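In what follows, every chain begins at residue 1, and chains take the letters A, B, ... in the order their sequences are listed. Worth knowing before you read on, the calculation uses all heavy atoms, side chains too, and leaves out hydrogens, waters and symmetry mates. This one's a predicted model, so the numbers in the text were calculated from it and none came from an experiment.
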2 protein chains.
Amino acid sequence: MKPTIRDVARMANVSISTVSRVMNAPESVTKDKRQRVLEAIESLNYHPNALARGLIFKKSQLLGVLIPDIRNPYFGEIIRGMEDAAKQLGYNLMIYNTDRVPERIISYLDTLNKQQADGLLFVSDYVQRQYYETMQACGYPVVLVSTVSFEYELPSVKVDEEAAAFEAVSYLIEQGHQHIGLICFTLPDPISGQTRHDGFVRALERNNLHHCASYVEFATHWFEEAYAATSRLFDRYPHLTAVFACSDEFAMGVISCLHDRGIRVPDQVSVVGFDNLRMSWMTIPKLTTIAQPMYAIGWRAVEKMHEQLEFGEAAVLREWLPHELIVRESTLPMFHRPQHRE
Amino acid sequence: MKPTIRDVARMANVSISTVSRVMNAPESVTKDKRQRVLEAIESLNYHPNALARGLIFKKSQLLGVLIPDIRNPYFGEIIRGMEDAAKQLGYNLMIYNTDRVPERIISYLDTLNKQQADGLLFVSDYVQRQYYETMQACGYPVVLVSTVSFEYELPSVKVDEEAAAFEAVSYLIEQGHQHIGLICFTLPDPISGQTRHDGFVRALERNNLHHCASYVEFATHWFEEAYAATSRLFDRYPHLTAVFACSDEFAMGVISCLHDRGIRVPDQVSVVGFDNLRMSWMTIPKLTTIAQPMYAIGWRAVEKMHEQLEFGEAAVLREWLPHELIVRESTLPMFHRPQHRE
DNA sequence: AATGACGTTGAAAAGGTTTTCAAAAAAAGA
DNA sequence: TCTTTTTTTGAAAACCTTTTCAACGTCATT
């Protein structure tokens with residue numbers, strides 16, 4: 001049976017109030033008693049019951065994290081940033097996988113409510129009306145992570161994906177590519193699908209490459225789908241010399257498909273990814289990609305939650321963290337490509 | 001302000017006991033009252049406070065997970081299995097990254113105690129004396145995940161790594177390889193380092209290939225280290241025709257290093273990995289590897305925890321889940337290798 | 001009509017902590 | 001030495017549930 005504050009009090013021969021004070025306001029207790037209490041705590045290996053404290057303070061120090069799927073390394077990086085910040089600020093992270101399934105999400109939203117979570121970190125999913133209403137009803141503060149809402153006033157931390165996509169495609173164009181394809185998240189996804197598509201189109205238009213606008217195929221999240229999408233893309237447009245893939249996993253799907261078709265990357269086709277997963281520099285060739293500061297996104301999200309919890313609201317509502325184009329081996333300028341090499 | 005059971009009672013015009021009964025033993029309440037209570041619950045969006053319930057039942061429904069680093073996709077898979085099982089059994093997972101640093105581990109062990117976690121899932125690290133003692137002192141049940149202890153009687157779920165390594169190396173030998181190297185976790189790691197090394201050596205001895213026993217280099221966890229280790233290995237033994245890498249990440253380091261040295265995989269050197277991460281079939285070439293059932297390991301671990309919580313102890317103490325050799329493209333039989341191809 | 005059995009209900013205690021308030025002890029002042 | 005002020009202390013209430021126990025009302029049996 002776990003020792004309680006009563007056990008400590010009895011052993012130190014003081015009241016429980018005194019024990020509580022020793023832990024929360026040590027100066028208000030005389031030295032000798034404090035000493036006795038400390039010894040008792042030590043020898044009983046006493047730890048105050050967080051449930052009981054939570055009941056009083058109406059704070060559980062628990063933060064709920066709703067994430068599509070922890071198996072995606074992208075989320076692993078974010079979670080790590082969150083957890084390090086959480087440790088520092090005294091929170092604990094409860095992780096839930098949603099697969100972006102509405103029923104799961106609603107169910108977890110209620111779970112958090114029951115568990116008295118102090119706040120919700122909602123990662124990488126579009127905030128539907130129903131979600132928002134449930135969040136409101138539950139009353140805990142929310143931080144949107146790697147997603148954003150313009151319908152609702154929810155604090156968020158993410159990268160400007162439109163700009164990032166624009167930069168990636170612009171880079172390809174600068175390198176002399178005139179026939180650029182896109183392997184895109186499906187457009188119903190307004191956060192990562194639509195925005196990256198927008199950036200792609202804007203870069204095209206800025207450079208009078210309107211003809212590329214139809215060089216697009218869609219996939220949802222997975223390598224296999226990107227592989228299949230690439231297959232469709234090159235069936236239709238075999239003359240493409242570059243592909244912008246909306247994630248590093250997509251990029252690997254692209255490269256894998258191209259490899260199977262006997263097309264060399266980057267000699268014949270350049271590929272740019274998105275995310276800069278650890279894995280992106282383990283591949284052959286190493287991926288040129290848009291780096292997102294995943295760790296920092298997670299860290300900032302927890303800080304932002306802390307701001308809300310401490311001051312009632314976040315200092316900045318929608319926060320944009322910088323991205324960065326990282327050039328590695330999967331891209332080549334048109335004018336440097338080996339000619340007719342077989 | 002969150003509604004409490006009192007608010008519900010007031011609205012339904014009954015006592016709080018009745019409300020409680022409606023939730024925990026509905027049949028014991030007359031239909032009309034039950035109806036009124038249910039309506040009140042609904043309209044207030046009332047959820048019972050888990051902190052208060054936890055205080056009474058001495059159960060928080062919280063499980064602590066101590067994991068080296070969630071960024072490692074291997075752990076992502078395990079966590080997902082855990083979380084799905086947790087959802088089904090009514091638990092919530094609190095995740096903590098240890099980096100295998102003793103101070104962090106001890107600190108988290110105490111945190112769990114404070115948070116009243118119902119149990120600890122200790123993932124993939126050696127159980128040191130000090131850890132065990134702290135666990136005992138805290139008094140929560142423990143399940144070892146992808147690790148095991150022979151000093152202490154702690155339930156565990158994992159794969160037989162010695163046998164798995166034996167199988168991987170035996171396969172290489174069957175394929176006609178006579179000069180096989182090993183990129184191994186450092187030996188101070190008794191769980192994944194020593195055992196896989198043992199399996200390697202046993203396969204060698206069984207086949208009279210003792211001369212290979214010195215074809216070993218060590219690395220700790222990361223791609224870069226595996227890359228460097230491979231470099232050292234081939235500096236010393238350029239005649240190797242196969243390498244067994246102790247993880248898929250290692251295997252990618254091996255392949256990357258070999259690639260940079262102009263050595264083709266699998267044409268000139270075969271490589272076998274370990275784990276079967278999702279990533280292992282996204283690479284070029286796709287990895288031949290020992291598959292661990294990560295998802296199942298996580299799932300079983302939570303079930304095992306549940307057994308302990310419900311029945312006082314786990315049905316089976318040390319549980320071994322099956323591994324499987326998956327042959328893909330990174331290995332080739334000696335007699336099929338393209339000769340003198342340049 | 002009276003008794004007993006049973007089902008339904010509410011008051012109160014318990015769970016482990018913090019905090020308010022009043023009492024006791026110590027220190028300061030006269 | 002006796003008051004007054006200040007510091008230190010403990011009892012009790014509060015946080016939100018569940019559960020025991022006793023009381024009440026209903027119904028059936030005699």
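Here C:dG16 presents its C1' atom at 10 Å from CE of A:Met23, a figure rounded to the nearest Å. Distance B:Leu55 CG to C:dA13 P: 17 Å, rounded to the nearest Å. Going from atom CZ of A:Arg10 over to atom P of C:dT17 covers 12 Å, rounded to whole Å. The separation between B:Ile16 atom CD1 and C:dA12 atom P is 11 Å, rounded to whole Å. Note: NZ (A:Lys58) to C1' (C:dT18) measures 13 Å, nearest angstrom. For A:Arg53 and C:dT17, the CZ to C1' distance is 8 Å, given to the nearest whole Å.
As judged by a 4.0 angstrom heavy-atom cut-off over every strand, B:Ser20 is placed among the base-contacting residues. Among the atoms of the strands shown, none is found under 4.0 Å from any heavy atom of A:Leu51.
B:Glu161 approaches B:Ile191 most closely through the heavy-atom pair OE1-O, 3.5 Å. Nearest heavy atom pair, residue A:Lys304 against residue A:Leu317, reads CE-O, 3.4 Å.
The distance from atom CD1 of B:Ile41 to atom CZ of B:Arg36, rounded to the nearest 0.5 Å, is 13.0 Å. To the nearest 0.5 Å, the span separating CG on B:Leu38 from CE on B:Met23 amounts to 10.0 Å. Rounding to the nearest 0.5 Å places CD of B:Gln136 at 9.0 Å from CD of B:Glu133.
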Task: Stepwise side-chain contact (heavy atoms from CB on, under 4.5 Å) check, B:Arg80 with B:Trp299 - done: CA-CA 8 Å; B:Arg80 183 48 138 112; B:Trp299 183 288; over 6 Å; no

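Judged by distance alone, the side chain of A:Asp118 and the main-chain N or O of A:Gln61 form a donor-acceptor pair under 3.5 Å. A distance-only check finds no donor-acceptor pair linking the side chain of A:Arg71 to the backbone of B:Gly76 [under 3.5 Å].
Within the structure, every pair that satisfies the ring pair (Phe, Tyr, Trp, His ring centres under 6.0 Å) test and touches residues 88-119 of chain A, not counting sequence neighbours, is listed here: A:Tyr91-A:His306, A:Tyr96-A:Tyr108.
Bracketed by its first and final contacts, the part of DNA chain D lying under 4.0 Å from non-hydrogen atoms of chain A reaches from D:dT8 to D:dC16 in 5' to 3' order.
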- [ ] Would you mind building the protein contact string for nucleotides 4-9 of chain C? One character per nucleotide, 5' to 3', B for base within reach (heavy atoms under 4.0 Å), S for sugar-phosphate only, - for untouched.
- [x] ----SB

